[in-house]
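Have a look at the structure below before the remarks.
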Amino acid sequence: RPVGPPPMQSAPVPTRESRLMSSGWKDVHLKIFNSDDCITLPLMVSATVWDVKNMLAEMLGVTDPSVIEFVYKAGPSYKRHRNHEQINTNLLVKGLRSFDKVAFEWNHPYCVIGAGMMGLRQAIQYQRQNIPYVHFERMPVIGGNAWVGIANKTSKLQTEGPHYQLQYEPTDKGVHALHPLTKYGIWPTRDEILAHMRETAAEFGCLANLRLSTEVVNINIIKTPPTTTKAPDIRDKHYELTWRNRANPDEPEEGTFLCSCICQFPGCLVVPYRKNWPGEEVFEGQIGYGFSEEFDYSLVKGEQVIIVGMGAFAHENVRTCVEFGVGKVFNVVRRFNLILPRIMCWWVNQSSHCMPTAAMVLDGMAPMYRMLGWDPWSWDAVSANEDRTVAAIKQYTRWGVSDVYFLAIYFGKVEVFHTEIKRFVKRGAALMNGQMLRNIDHFIKVIGFAGDFGVDKLHKSKSHVGPWPDGDYRRFIISDQSAIDASRFGNIALSPTNAMYANLTLWYHQHPQDCIRALESGLMPTNKSEPELGSPAYHYAPRVGTAWVMVLVGASPEIQAYQYINAQFKQDSMLHLADAEVFVKACEEDWFNYCRMFKEQGVDKEWPEYPMPVSWARGLQDKLADLARQEAEEKAAKAAAAAGRAGSAAASST
């Protein structure tokens with residue numbers, strides 16, 4: 001049985017006391033024949049045997065309710081309960097092994113497309129439960145487009161290592177399964193992350209099912225005509241995948257593979273935007289893109305660089321340039337995007353069921369911003385009330401997480417220009433605000449990424465219903481978010497979300513009746529591609545994407561229960577590996593290492609203290625605990641008031 005809080009109900013369920021007060025309700029006790037498994041159901045007195053069989057079949061995912069039989073004691077023998085009869089109160093049940101939901105058995109194996117963090121995590125889920133599957137990856141190595149295709153060799157994780165691990169799973173060995181900081185640091189490098197993926201995939205036995213250098217180039221939907229006059233079985237549909245192996249480019253191998261269910265995790269940041277500015281041909285300096293090893297950072301020592309962009313990857317390029325001894329970076333930004341200090345990222349990721357509000361996040365990051373004379377509440381992305389107690393944050397890039405960005409500006413190694421480049425001249429650039437930047441040696445472009453429209457083409461989909469192309473629940477296509485639009489923040493790291501998706505996709509594939517109910521509810525949002533925004537049909541705006549997740553989590557009591565455990569494990573695992581003292585100490589060490597580096601580069605300026613000491617981190621935790629208590633008290637008060645009203649109504653009715 002799932003543990004955690006009781007599942008949300010779409011309508012109030014009468015209490016036992018209120019049911020007994022009404023002659024229209026009764027409790028029906030069901031027990032599996034030759035088993036101790038039993039349940040009690042509140043039912044209308046008029047309910048028939050066939051009504052209850054259909055209800056149980058829907059609850060448990062049984063496709064044919066006629067296989068269920070009820071028997072009851074009649075004198076010295078047992079008698080079979082017939083479909084038209086009103087249901088008795090004490091019954092034995094035949095035709096079911098238990099009251100747990102039945103996992104649906106498909107005719108063909110499962111399939112995973114893509115071997116990045118999300119695809120590998122799904123494969124591990126299948127390995128844990130002995131699910132037959134095949135895993136395709138078009139690249140010759142595992143790691144996915146983010147770490148193999150886009151990242152530079154100098155790239156590092158911006159969130160925290162404890163929550164970027166493939167073996168993260170609250171129901172399997174818990175915190176003891178996670179790597180300690182001595183093996184896998186707080187901010188691992190690209191190569192450390194790729195090594196972790198390889199080692200963990202091998203540990204769980206995923207490599208035997210993995211086909212590298214193999215791209216799925218076509219998907220045909222095969223519909224088998226029903227063989228009986230009954231309604232067609234949902235197994236009458238499967239997929240024929242055409243794959244192409246390019247390990248030997250001169251003689252590519254091709255083949256087909258039949259599967260019943262597909263999971264694909266293409267990501268939202270796949271295809272880099274590329275743009276040429278007027279005058280680049282006369283610039284005479286190095287021009288390149290700040291990803292995929294397309295720029296030579298070893299040449300920037302002591303020289304001046306323009307970086308265009310203010311997303312997470314632009315911050316990564318600023319860090320890389322200062323580590324290579326850049327003379328100065330001119331960061332030209334069209335839109336000021338909020339930057340999340342490391343402590344704030346950690347604080348959000350160590351939260352449990354109570355999520356920090358946007359106002360708390362803005363107040364919490366203020367010390368880092370004040371060091372530069374900035375006010376995060378004044379940023380374009382922020383909407384707030386006058387007294388700054390309620391806020392929402394909306395920006396068209398994900399969080400960039402950085403401390404060194406602030407420190408580099410403090411030491412004068414970075415200067416930010418809130419404008420755009422008009423044109424380039426020889427060793428310089430004219431800005432839209434009328435300023436001229438001169439003696440520039442390098443130009444780095446980091447202007448964002450689009451999704452992969454090839455995924456829509458592969459699945460022949462025109463729109464998505466939730467994560468399902470054209471509403472086909474046998475195919476899950478899920479990507480992370482490329483933007484921010486929220487008033488509360490519960491997670492920025494990847495592993496807790498990956499664990500939820502891995503469990504959710506398998507649950508719904510094993511219980512397709514739940515998928516059908518979700519579709520019939522009318523609550524699942526739909527989405528179409530927006531090429532002008534670089535957004536394929538599988539990629540949702542943040543609030544809409546959150547909506548379908550809430551529908552699928554809320555529609556399954558089992559997934560609700562899992563998420564309850566997952567939210568608590570998110571906090572437990574972070575504090576087990578990197579509590580406030582450990583994390584702040586690592587931040588301070590990194591802070592002063594950069595201070596020392598800037599001094600060695602010739603910057604003569606007083607070192608600032610780290611703006612967010614342990615006392616600040618502890619204070620943030622205390623504020624979140626106070627908010628959790630306040631919300632729990634308000635919820636209890638509302639429940640008591642509702643119970644009082646229900647009692648008064650029942651008394652009046654009596």
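It should be emphasised that the depicted structure is a prediction, and the values quoted were computed from it without experimental measurement.
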Residues at least two apart in sequence or cross-chain that pass ring pair (Phe, Tyr, Trp, His ring centres under 6.0 Å) with Y501, listed by chain then number, are none
Contacts of Y297 meeting ring pair (Phe, Tyr, Trp, His ring centres under 6.0 Å) (sequence neighbours excluded), chain-then-number -> F295
Notebook entry, point to check: CD of Q129: more than 12 outside heavy atoms within 6.0 angstrom?
Noted result: yes
By side-chain hydrogen bond (donor to acceptor under 3.5 Å, both in side chains), T171 pairs with (sequence neighbours left out) E169
E323 meets the salt bridge (Lys or Arg N to Asp or Glu O under 4.0 Å) criterion, sequence neighbours left out, with R319
Item to check | E631/R488 under salt bridge (charged side-chain N to carboxylate O under 4.0 Å, His left out): CA gap, chis, key distance, verdict | outcome: CA-CA 14 Å; E631 292 183 341; R488 300 193 76 155; 2.7 Å; yes
message = Under a 3.5 Å distance rule, please check whether N503 uses its side chain to pair with a backbone N or O of I559 as donor and acceptor.
response = no
Which class fits the ring pair W379 and F336: parallel under 30°, tilted 30 to 60°, perpendicular over 60°?
perpendicular
Salt-bridge present (D375, R370; N to O < 4.0 Å):
no
| said: Is it the case that the side chains of Q395 and T397 hold a donor-acceptor pair, with the cut-off being a distance below 3.5 Å and no angle test? | reply: no
**Report entry** R398 and Q481, any side-chain heavy atoms less than 4.5 Å apart
**Finding:** no
Check: Do the ring planes of F330 and F417 sit parallel (below 30°), tilted (30 to 60°) or perpendicular (above 60°)?
Finding: tilted
Exercise. So, W548 versus N527: side-chain donor-acceptor pair below 3.5 Å or not?
Worked result: no
Is any NZ, NE, NH1 or NH2 atom of the basic residue among D172 and R128 found under 4.0 Å from an Asp or Glu carboxylate oxygen of the other? yes
In Y594, F411, Y369, the residue satisfying ring-ring contact (aromatic ring centres under 6.0 Å, His included) with F406 is Y369
| query | Looking only at atom types and distance, does a side-chain atom of Y540 sit under 3.5 Å from a main-chain N or O of D480, one as donor and one as acceptor? | reply | no
Verdict with reasoning, E192 to T189, per side-chain contact (heavy atoms from CB on, under 4.5 Å):
CA-CA 5 Å; E192 289 171 336; T189 65; 3.3 Å; yes
inquiry  = Checking the side chain of S402 only, and the main-chain atoms of H315 only, is there a donor and an acceptor separated by less than 3.5 Å?
reply    = no
Sequence neighbours excluded, the answer for salt bridge (Lys or Arg N to Asp or Glu O under 4.0 Å) partners of R335 is none
#### Entry: Intermediate values then yes/no, salt bridge (charged side-chain N to carboxylate O under 4.0 Å, His left out), E293 and R190
CA-CA 12 Å; E293 303 290 353; R190 181 198 68 172; 3.7 Å; yes
Sorted by chain and number, sequence neighbours left out, side-chain hydrogen bond (donor to acceptor under 3.5 Å, both in side chains) with K413 holds for Q601
Q) Would you say N566's side chain and Y562's backbone share a donor-acceptor pair under 3.5 angstrom? A) no
Worksheet item: How about K605: does its NZ atom have over 12 heavy atoms from other parts shown lying under 6.0 Å from it?
Response: yes
Worksheet item: Should D626 and K623 count as an ion pair when the cut-off is N to O under 4.0 Å?
Response: no
Check R618 with E581, please: is the shortest side-chain N to carboxylate O separation under 4.0 Å?
yes
Legend entry - Derivation of the ring-ring contact (aromatic ring centres under 6.0 Å, His included) call for Y164 and H196: CA-CA 10 Å; Y164 206 85; H196 164 71; 8.0 Å; no
Item checked: Stepwise ring-ring contact (aromatic ring centres under 6.0 Å, His included) test for F569 and Y168 -> CA-CA 9 Å; F569 183 71; Y168 178 103; 4.9 Å; yes
Do the charged groups of K156 and D191 touch, with an N to O distance under 4.0 Å? no
| Between K570 and W346, is NZ or CZ placed under 6.0 angstrom from the six-membered ring centre and within 45° of the ring axis? | no
Quiz item: Do D403 and M368 come within less than 4.5 Å of each other through their side chains, counting heavy atoms only?
Solution: yes
Open item on the list: Could you check whether T320 and N152, counting side-chain N and O atoms only, form a donor-acceptor pair closer than 3.5 Å?
Closed with: no
With T200 as partner, the option from L120, I124, I142 fulfilling side chain to side chain contact (heavy atoms under 4.5 Å, CB included) is I124
Partner of W591 under ring-ring contact (aromatic ring centres under 6.0 Å, His included), picked from F598, Y410, Y610, is Y610
Subject >> Heavy-atom neighbours of Q568 CD exceed 12 at 6.0 Å >> reply: yes
inquiry  = Measuring only between side-chain heavy atoms, which start at C-beta, is Q350 closer than 4.5 Å to H163?
reply    = no
- prompt: Would you say the side-chain atoms of Q158 pair up with the backbone N or O of V401, donor to acceptor, closer than 3.5 Å?
  reply: yes
* **Main-chain N/O of L194 paired with W147 side-chain donor or acceptor, under 3.5 Å** => no
Does any non-hydrogen side-chain atom of D452 lie less than 4.5 Å from one of S479? no
Item to check | Main-chain N/O of A493 paired to N349 side chain as donor or acceptor, under 3.5 Å | outcome: yes
Check: If only atom types and distance count, is the side chain of E415 paired as donor or acceptor with the main-chain N or O of I409 below 3.5 Å?
Finding: no
* Asked: Does the Q127 side chain pair with the main chain of F204, one donor and one acceptor, at a distance under 3.5 Å?
  -> yes
May I ask you to test the S351-L624 pair for a side-chain heavy-atom distance under 4.5 Å? yes
